[in-house]
Amino acid sequence: MLSFIHAGDVHLGNPFKGLSRQLPEKFQKEIQEVSFIAFQGLIDLAVTEKVDFVLFPGDLLNGSGVSARVQATLMSGFRQLKEAGITAIVSFGNHDYQAFDSQPRFWPENVLVFDHAVQEKVLTSRSGERVAFTGFSYADRSERRQRLADFPSRNPNVDYEIGLYHGSVGKLGDDYAAFSVDEMLAKNYDYWALGHIHQRATLHEQPTIAYSGNLQGLNRTEVGAKGVLLVQSGSHGLVERFIDLAPVRFEALMLTNVADPLAVVEALLQSNYSLPTFLTLTIDGPLQPALRQTYDEGHLLEVIQQSLPKSSNVWPIELTVQEQRTVGDALSATHDFSTAIEWVIQEGVGTKKLSDDVPLVVREYLNQPEGQAALRKSLEQLFSERRSSDED
């Protein structure tokens, strides 16, 4: 039986900046170690499950990986895999492309690294299956080259063909090795291990084309369970199973009908977070007087933070009060179009109104600074044109 782990976007060494200046000691320790703990959890899982291979389809590192701590962690983990008879297969993505020139020469021989050109590597599993792995490493941060066209069709002389691909759905010339699902299906591979999108998603089943998501959430937008896909062969081909490995969670919570800050704290404590959790908190208005006064003074988040017991597993890092307003209310209340535009962007109105059919990559784009800037520019142009029309 063939088995392997699909571990995209590990981002080992991620610094986790901008969480809070007042983090309790417990959370400070957790966040300093989180990416290393998650990576060790991945190694332990591979050894325990006796997998044949561990696949890293890009952004294994958060940068070039030159720090002594990162190098030591990688060396230790890869040696453990070697002792267990497991091969690690690595491609570099947009965050760690520079590591191609600095890292591989230090790694054990059980680590195979894809070149900038598309390569196929044929290996043998514990049970004797011949498995072909095909992939490439980024040459620069954008990687606008047509990469999928260089992938060969399925090798007829192997039992399985698996593609490693760090990129996003798009058109030729877009950033991040843009590809289409139909192009991948045309290659007739048995499994595509995707990286780059920090959210677990299956683009196609049988054969599977999937993002494993990232090993550990990196910021408040990356909520929920994070980990890897454990893939095993069976009567219905290769079947993946998600394994949660993240030692720290990012979550979002909305509260309604809370009277005062202590009621908010009580609600957080009753939420029973089992792991250390950084929380984006939304309070649905209208606010009660006690909450309103503290919020208007700008102290509500700090009051909630300082009222939590030291043993609490939850720490709110951002607070939003959601008054029951619409875009129309915001525009009719003011002719300050720039304020209205910022409200639309910061409240996420643009993404909330999207159809469920809109691809994940579009949603992610609109939640990133680049996408928000494009949306802001479009809205400014729209308002400018409307204002000129009204004046005429």
Side-chain angles (χ1 to χ4, degrees), residues 1-12 38-61 77-78 81 84 86-93 95-96 110-114 120-121 123 125-126 129 131-137 151 158-169 177 179 181 184-185 187 189-217 222 224-234 236-246 360:
M1 179 181 72
L2 171 66
S3 65
F4 61 88
I5 288 175
H6 169 189
D9 298 273
V10 173
H11 284 272
L12 183 64
F39 181 75
Q40 186 59 52
L42 162 62
I43 299 299
D44 293 342
L45 175 68
V47 173
T48 300
E49 293 290 338
K50 298 180 180 180
V51 300
D52 299 293
F53 312 101
V54 179
L55 279 54
F56 297 101
D59 290 356
L60 165 60
L61 308 173
F78 288 153
L81 294 182
I86 299 169
T87 299
I89 303 174
V90 178
S91 64
F92 292 114
H95 278 276
D96 60 357
N110 66 314
V111 182
L112 302 182
V113 179
F114 285 114
E120 182 183 69
K121 302 175 184 290
L123 303 174
S125 71
R126 298 175 192 270
E129 296 106 331
V131 186
F133 296 93
T134 305
F136 69 97
S137 288
F151 277 65
V158 299
D159 297 295
Y160 297 96
E161 177 102 31
I162 298 167
L164 280 74
Y165 201 96
H166 192 86
S168 55
V169 174
F179 68 91
V181 172
M184 284 189 171
L185 291 174
K187 301 297 181 180
Y189 285 16
D190 299 285
Y191 187 96
W192 284 93
L194 304 182
H196 182 58
I197 302 299
H198 291 186
Q199 183 171 335
R200 193 167 70 257
T202 300
L203 304 187
H204 191 273
E205 296 180 353
Q206 298 302 321
T208 297
I209 301 176
Y211 290 102
S212 64
N214 45 345
L215 185 60
Q216 163 66 56
E222 299 179 357
K226 300 290 181 179
V228 299
L229 294 177
L230 174 62
V231 185
Q232 297 173 314
S233 61
H236 298 290
L238 296 175
V239 179
E240 72 276 12
R241 175 164 56 96
F242 173 70
I243 307 294
D244 183 0
L245 292 177
L360 173 64

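Computation of the quantities below employed the complete heavy-atom set of this structure, encompassing side-chain atoms and omitting hydrogens, waters and symmetry-equivalent molecules.
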Report task. In sequence, state the C-alpha distance, the side-chain angles, and the governing distance for Ile162 and Val231, and then conclude on side chain to side chain contact (heavy atoms under 4.5 Å, CB included). Result -> CA-CA 11 Å; Ile162 298 167; Val231 185; over 6 Å; no
Query - Derivation of the side chain to side chain contact (heavy atoms under 4.5 Å, CB included) call for Ile5 and Ile243 - result: CA-CA 10 Å; Ile5 288 175; Ile243 307 294; over 6 Å; no
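Side-chain contact check for Leu164 versus His6: every heavy-atom pair is 4.5 Å or farther apart. The closest side-chain heavy-atom distance from Tyr160 to Ser125 is not below 4.5 Å. Between Asp96 and His166, every side-chain heavy-atom pair lies at or beyond the 4.5 Å cut-off. With contacts defined as side-chain heavy-atom distances shorter than 4.5 Å, the pair Val228/Val54 does not qualify. With contacts defined as side-chain heavy-atom distances shorter than 4.5 Å, the pair Ile86/Val51 qualifies. Residues Tyr189 and Ile209 form no side-chain contact, since every pair of their non-hydrogen atoms from C-beta on lies 4.5 Å or further apart. Side-chain contact check for Ile197 versus Ser168: some heavy-atom pair is nearer than 4.5 Å. Counting heavy atoms from C-beta on, the side chains of Lys121 and Phe114 come closer than 4.5 Å.
Between the Asp9 side chain and the His196 main chain, a donor and an acceptor come within less than 3.5 Å of each other. A distance-only check finds a donor-acceptor pair linking the side chain of Asp52 to the backbone of Arg126 [under 3.5 Å]. Put simply, the side chain of Asn214 gets close to the backbone of Gln216: a donor and an acceptor are under 3.5 Å apart.
The aromatic rings of Phe56 and Phe78 sit perpendicular, their planes meeting at an angle over 60°, well past the 30° parallel limit. Between His95 and His198, the ring planes lie tilted relative to each other; the angle falls in the 30° to 60° range. Between Phe179 and Tyr211, the two ring planes are tilted [angle within 30° to 60°].
Taking CG from Leu215 and CG from Asp59, the interatomic distance works out to 12.5 Å, rounded to the nearest 0.5 Å. To the nearest 0.5 Å, atom NZ of residue Lys226 and atom CG of residue Leu245 are 13.0 Å apart. Atom CG of residue Leu229 and atom OG1 of residue Thr208 lie 9.0 Å apart, to the nearest 0.5 angstrom. From Arg200, atom CZ reaches atom CD of Glu240 across 10.0 Å, with rounding to the nearest 0.5 Å. The CG atom of Leu194 sits 6.0 Å away from atom CG of Leu203, with the distance rounded to the nearest 0.5 Å. Atom-to-atom distance recorded for Glu161:CD and Asp190:CG is 7.5 Å, nearest 0.5 angstrom.
Checked options Tyr165, Phe53, Phe4; the residue passing with Tyr191 is Phe4 (criterion: ring-ring contact (aromatic ring centres under 6.0 Å, His included)).
Taking the centre of each ring, Phe151 and Trp192 come in below the 6.0 Å mark.
Considering every non-hydrogen atom in both Ser137 and Ser91, the closest pair reads OG-CA, 3.6 Å. Leu55 approaches Pro57 most closely through the heavy-atom pair O-CD, 3.4 Å. Heavy atoms only, all atoms of each residue included: Glu120 and Thr134 are closest at CG-OG1, 3.5 Å.
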